[in-house]
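Structure record follows, encoded as structure tokens.
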Amino acid sequence: MNDRVRLESSWKERIGDYLDRPEMLALSAFLRDEKAHGKVIYPPGPDIFNAFGHTPFDAVRVVILGQDPYHGPDQAHGLSFSVRPGVRVPPSLQNMFKEIESCLGIPRPDHGCLTPWADRGVLLLNAVLTVEAGQAASHQGRGWEGFTDAAIDALNREREGLVFMLWGSHAQKKGQLIDGKRHCILRSVHPSPLSAHRGFMGCGHFAMANAYLESRGEAPIDWSLPPRAELHA
């Protein structure tokens with residue numbers, strides 16, 4: 001699997017070997033078989049590792065963990081919570097924008113493409129990197145979780161002073177891999193409309209992340225997004 005995957009070099013150096021494990025080879029075979037049987041898989045193959053390509057290992061400053069990709073047409077492009085320009089903004093992302101507007105005064109954008117965040121050091125990583133069209137969580141338990149665990153573990157061990165935003169039970173399970181003395185861990189319920197009112201709205205995580213970074217003498221994250229017309233995504 002390693003030879004066929006276009007994984008950004010700094011990540012490949014640290015977790016590339018994981019792709020040669022039996023469970024990852026089995027995952028690769030599963031994905032090929034699904035496609036051979038006419039299943040539509042999201043995101044498209046070239047986009048599966050987009051999060052790593054836009055945010056190299058040493059550029060990571062904040063990690064936002066999602067569960068698995070959107071399963072609707074043209075939505076998923078390899079960045080958690082993000083959709084392609086021109087695609088309707090999903091409800092969870094709408095709530096994220098509302099929270100940013102509330103705690104930082106940044107107006108909501110006219111699109112849901114988070115590529116600029118990724119390019120500024122926000123690793124937008126899902127626990128599972130593929131999904132069958134129309135079938136939420138259909139690729140859970142197929143092997144991706146161990147791979148993304150390896151990515152989180154590498155960040156935890158080799159970096160210091162990162163902010164991890166863990167929203168919902170699936171993301172919070174990854175918290176077991178993170179040393180809270182070396183990094184800032186922000187936990188909340190998921191921004192989904194089903195749960196956001198139970199603590200996500202008003203959590204202040206975006207402002208807290210910036211305050212933590214600034215306390216370490218680092219620049220804050222610019223959470224604003226350019227208008228859709230100016231995107232280069």
Side-chain angles (χ1 to χ4, degrees), residues 1-9 11-55 63-94 111-115 118 123-154 167-174 177 190-195 233:
M1 189 176 188
N2 202 343
D3 293 337
R4 295 189 301 275
V5 168
R6 285 176 284 185
L7 187 60
E8 190 275 334
S9 60
W11 283 103
K12 193 166 190 175
E13 178 184 335
R14 291 165 174 88
I15 58 174
D17 288 348
Y18 196 96
L19 294 168
D20 293 325
R21 293 194 179 196
E23 59 266 37
M24 296 304 289
L25 298 176
L27 170 62
S28 181
F30 163 74
L31 293 173
R32 288 197 304 274
D33 188 62
E34 290 286 275
K35 291 177 183 177
H37 283 83
K39 299 284 184 69
V40 176
I41 306 298
Y42 297 134
D47 290 343
I48 290 174
F49 296 96
N50 244 359
F52 301 103
H54 280 282
T55 318
V63 180
I64 297 181
L65 280 171
Q67 190 169 335
D68 62 345
Y70 295 121
H71 54 84
D74 300 320
Q75 290 183 306
H77 64 127
L79 304 177
S80 65
F81 294 101
S82 181
V83 291
R84 297 179 185 279
V87 175
R88 184 178 178 183
V89 179
S92 293
L93 183 53
Q94 288 182 24
H111 61 88
C113 180
L114 306 181
T115 301
L123 180 66
L124 298 166
L125 183 65
N126 281 314
V128 175
L129 300 188
T130 56
V131 69
E132 181 184 339
Q135 302 292 324
S138 50
H139 291 180
Q140 288 185 12
R142 290 286 181 176
W144 282 124
E145 292 90 345
F147 177 72
T148 53
D149 279 357
I152 297 298
D153 180 60
W167 302 329
S169 58
H170 278 83
Q172 288 176 24
K173 287 177 183 175
K174 298 277 195 193
L177 302 168
H190 196 275
S192 159
L194 298 173
S195 56

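- Note that the CD1 atom of Ile48 and the OG1 atom of Thr130 stand 6.0 Å from one another [nearest 0.5 Å].
- Rounding to the nearest 0.5 Å places CZ of Arg32 at 13.0 Å from CD1 of Ile41.
- Leu123 places none of its side-chain heavy atoms less than 4.5 Å from the side chain of Ile64.
- A donor and an acceptor atom, one from each side chain of Ser195 and His190, are nowhere located under 3.5 Å apart.
- No donor-acceptor pair under 3.5 Å is formed between the side chain of Gln135 and the backbone N or O of Val131.
- Counted within 6.0 Å of CZ on Arg14, heavy atoms from surrounding residues, nucleotides or ligands total more than 12; the atom is thus considered enclosed.
- Lys39 NZ to Leu31 CG: the interatomic distance, rounded to the nearest 0.5 Å, is 11.0 Å.
- Annotation: side chain of Leu129 is not in contact with side chain of His139 (no heavy-atom distance under 4.5 Å).
- Across all their heavy atoms, Asp20 and Leu25 have their closest contact at O-CD1, 3.7 Å.
- The main-chain N or O of Leu114 is found under 3.5 Å from a side-chain atom of Ser82 such that the two form a donor-acceptor pair.
- Using a 4.5 Å heavy-atom threshold, the side chains of Thr115 and Leu124 count as separate.
- Checked by atom type and distance alone, the side chain of His54 never pairs as donor or acceptor with a backbone atom of Asn50 at under 3.5 Å.
- Residues His77 and Tyr42 have side chains not in contact (no heavy-atom distance under 4.5 Å, counting atoms from C-beta outward).
- A side-chain contact (heavy atoms from CB on, under 4.5 Å) with Lys174 holds for exactly one of Asp153, Thr148, Val63; it is Thr148.
- You'll find the side chain of Phe49 stays beyond 4.5 Å of the side chain of Arg6, heavy atoms only.
- Here the shortest heavy-atom pairing between Val89 and His111 reads CG2-C, 3.6 Å.
- The OG atom of Ser80 sits 8.0 Å away from atom CH2 of Trp167, with the distance rounded to the nearest 0.5 Å.
- The shortest side-chain heavy-atom distance between Glu145 and Val128 falls under the 4.5 Å cut-off.
- With contacts defined as side-chain heavy-atom distances shorter than 4.5 Å, the pair Glu34/Glu132 qualifies.
- Annotation: side chain of Ile152 is in contact with side chain of Leu125 (closest heavy-atom distance under 4.5 Å).
- Looking at Thr55, its side chain does come within 3.5 Å of a backbone N or O of Ala118 through a donor-acceptor pair.
- Aromatic ring centres of Phe30 and Trp144 lie farther apart than the 6.0 Å criterion allows.
- The shortest non-hydrogen separation linking Arg142 to Leu27 is O-CB, 3.6 Å.
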Let me have the donor-acceptor pairs involving side chains of residues 67-74, under 3.5 Å, with sequence neighbours excluded, atom names and distances please.
residue: Asp68; atom: OD2; partner: Ala137; partner atom: N; Å: 2.8
residue: Tyr70; atom: OH; partner: Phe81; partner atom: O; Å: 2.7

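- Put simply, CD1 on Ile15 and CD on Glu8 are 10.0 Å apart, with the number rounded to the nearest 0.5 Å.
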